[in-house]
Trainee: 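Here it is, the structure, as structure tokens.
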Amino acid sequence: MHTIKGPALFLAQFIGDDGPFDTWDGITRWASECGYVGVQVPTNDPRILDLDRALESQDYRDEFLGTARQNGVGVTELSTHLQGQLVAVHPAYDAGFDAFAPDSVRGNPSARQEWAVDQVSKAIRVSRLLGLDRMATFSGALAWPYLYPWPQRAPGLIETAFDTLAARWSPLLDLAEDQGVDICYEIHPGEDLHDGVTFEMFLDRVGGHARANMLYDPSHYLLQQLDYLQNIDIYHDRIRMFHVKDAEFRPTGRQGVYGGYQSWAERAGRFRSPGDGQVDFKAVFSKLTQYGFDGWAVVEWECALKHPEDGAREGAGFVRDHIIRVTPHAFDDFAASHVDHAALEKALGL
């Protein structure tokens with residue numbers, strides 16, 4: 001077993017145009033002041049991390065890590081959530097997802113996909129250069145518009161979608177193998193990899209690739225009414241990253257899982273700050289510890305009600321209180337004695 005590392009904070013929801021959230025120095029200093037010892041870093045904002053400079057310059061990488069270290073935090077992982085999303089986009093979502101890409105490739109899905117693959121490739125390489133062995137991402141989605149089968153799906157449609165998804169990701173997984181980096185897909189609604197079954201469908205098509213792993217976030221499972229604790233029992237060998245995000249699901253006679261197109265605050269299922277929702281984090285931390293999870297507990301703040309800065313400060317203490325320092329010995333070791341084989345045989349009547 002391992003003691004889970006943390007607390008860490010995913011910075012994506014906090015980067016902004018005002019200080020201290022607009023510079024690497026400012027946001028890492030702020031995260032440390034909130035009580036964090038690690039930060040998970042998105043790679044889509046060059047004010048925080050410039051992928052091209054990080055790939056080319058040892059001085060830039062040293063400065064990047066040194067600033068974080070001087071401010072009291074380490075870099076836990078890089079994230080390519082937005083770029084990974086663009087590896088596979090159904091045309092129905094082209095206009096919405098264009099906002100994740102630079103102006104030069106907007107309105108051109110093939111160029112946008114090429115840019116996204118290049119970005120993910122760079123982030124894999126930069127992860128290795130920064131001494132990181134895992135990276136977070138989304139899978140993207142081709143089949144998501146056909147989630148609810150009405151009208152009936154054409155035969156072979158889902159199979160073709162997953163064959164295509166696997167073909168797009170296989171070269172990236174092979175690159176990750178060369179670089180010694182696990183690609184951790186956040187299992188998430190809106191992605192073709194949104195539950196255990198769809199992850200397995202993908203895994204089968206990439207030949208059980210050792211670098212295809214999971215980012216475990218129980219909030220997304222609770223809102224799907226999936227057993228998030230049994231999920232750890234089933235997939236613990238593939239869970240390499242962990243987001244601490246809470247949620248609550250309170251269905252009514254008017255709405256349920258789909259939410260009736262309401263705002264997040266008005267939905268039956270909504271995200272909450274850690275400790276404010278329904279996720280049994282004591283059980284989650286216990287199971288991850290039991291199975292030897294050796295990564296970071298990373299707060300991903302998303303709450304329909306609470307101010308983000310309050311959620312961030314509270315989240316650090318929440319994680320610290322839930323991390324289990326693993327025992328170096330069994331609780332009943334005090335009663336142990338040396339092995340006497342003759343006595344053992346006598347006790348067994350041999």
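What's counted below: heavy atoms across the whole structure, side chains too, no hydrogens, waters or symmetry copies. In this text, all values refer to a predicted model and were calculated from it rather than measured experimentally.
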Trainee: How about Thr198 and Asp195: does a side-chain donor come under 3.5 Å of a side-chain acceptor?
Mentor: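 There is such a pair between these side chains.
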Trainee: Considering only heavy atoms from C-beta outward, does the side chain of Glu77 approach that of Val298 to under 4.5 Å?
Mentor: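 A side-chain contact exists here, since the closest heavy-atom pair is under 4.5 Å.
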Trainee: Any chance CD of Gln225 has more than 12 other-residue heavy atoms, nucleotides or ligands included, within less than 6.0 Å?
Mentor: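 Yes.
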Trainee: Under a 4.0 Å threshold between the charged nitrogen and the carboxylate oxygen, would Asp17 count as salt-bridged to Arg47?
Mentor: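 Salt bridge flag = yes for Asp17 with Arg47.
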Trainee: Are the aromatic rings of Phe318 and Phe281 close, with centres under 6.0 Å apart?
Mentor: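 Yes, close enough.
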Trainee: Are Tyr216 and Tyr221 near enough that their ring centres are under 6.0 Å apart?
Mentor: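 Aromatic pair counts; centres sit under 6.0 Å.
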Trainee: Please work out whether the ring planes of Phe10 and His81 are parallel, tilted or perpendicular, with thresholds of 30° and 60°.
Mentor: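 It falls in the tilted class, 30° to 60°.
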Trainee: Is the CD atom of Gln262 crowded by more than 12 outside heavy atoms at less than 6.0 Å?
Mentor: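 Enclosed: over 12 neighbouring heavy atoms sit under 6.0 Å from CD of Gln262.
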Trainee: So which of Phe162, Trp169, Phe138 actually passes side-chain contact (heavy atoms from CB on, under 4.5 Å) with Leu193?
Mentor: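 Exactly one candidate clears the test, Phe162.
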Trainee: Is Asp294 salt-bridged to Arg240, cutoff N-O under 4.0 Å?
Mentor: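 Judged by the 4.0 Å cut-off on N to carboxylate O distance, Asp294 and Arg240 do form a salt bridge.
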Trainee: To the nearest 0.5 Å, what is the distance between OG1 on Thr43 and CD1 on Ile48?
Mentor: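 Answer for the OG1-CD1 pair, Thr43 versus Ile48, is 12.0 Å.
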Trainee: Centroid separation under 6.0 Å, is that true for the rings of Phe285 and Phe242?
Mentor: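 Aromatic pair counts; centres sit under 6.0 Å.
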Trainee: If you measure from the Lys or Arg side-chain nitrogens to the Asp or Glu carboxylate oxygens, is any gap between Arg112 and Asp94 under 4.0 Å?
Mentor: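 The answer is yes: the pair qualifies as a salt bridge.
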Trainee: Taking Asp280 first and then Lys287, would you say they form a salt bridge - that is, a charged N and a carboxylate O separated by under 4.0 Å?
Mentor: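 So Asp280 does not pair with Lys287 through a salt bridge.
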Trainee: One thing to verify: whether Arg272 and Glu248 come together as a salt bridge, which I'm taking to mean a side-chain N less than 4.0 angstrom from a carboxylate O.
Mentor: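 Salt bridge between Glu248 and Arg272, a charged N being under 4.0 Å from a carboxylate O: yes.
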Trainee: Taking Gly35's backbone N and O only, do any of them form a donor-acceptor pair with Arg320's side chain (distance below 3.5 Å, no angle check)?
Mentor: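 Flag set: sc Arg320 to bb Gly35 pair under 3.5 Å.
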Trainee: What is the distance from atom CG of Leu78 to atom CG of Leu130, rounded to the nearest 0.5 Å?
Mentor: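 Taking CG in Leu78 and CG in Leu130, the distance rounds to 6.0 Å.
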Trainee: Please state whether the rings of His90 and Tyr93 are parallel, tilted or perpendicular, taking 30° and 60° as the class boundaries.
Mentor: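 Geometry flag for Tyr93 against His90: perpendicular rings.
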Trainee: Is it true that Phe271 and His220 have ring centroids separated by less than 6.0 Å?
Mentor: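 Yes, the ring of Phe271 comes within the 6.0 Å limit of the ring of His220, centre to centre.
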Trainee: For side chain to side chain donor-acceptor pair (under 3.5 Å), just list the numbers for Tyr235 and Glu200, CA-CA rounded to whole Å, side-chain angles, deciding distance to a tenth of an Å, and then say yes or no.
Mentor: CA-CA 10 Å; Tyr235 299 111; Glu200 291 175 16; 2.5 Å; yes
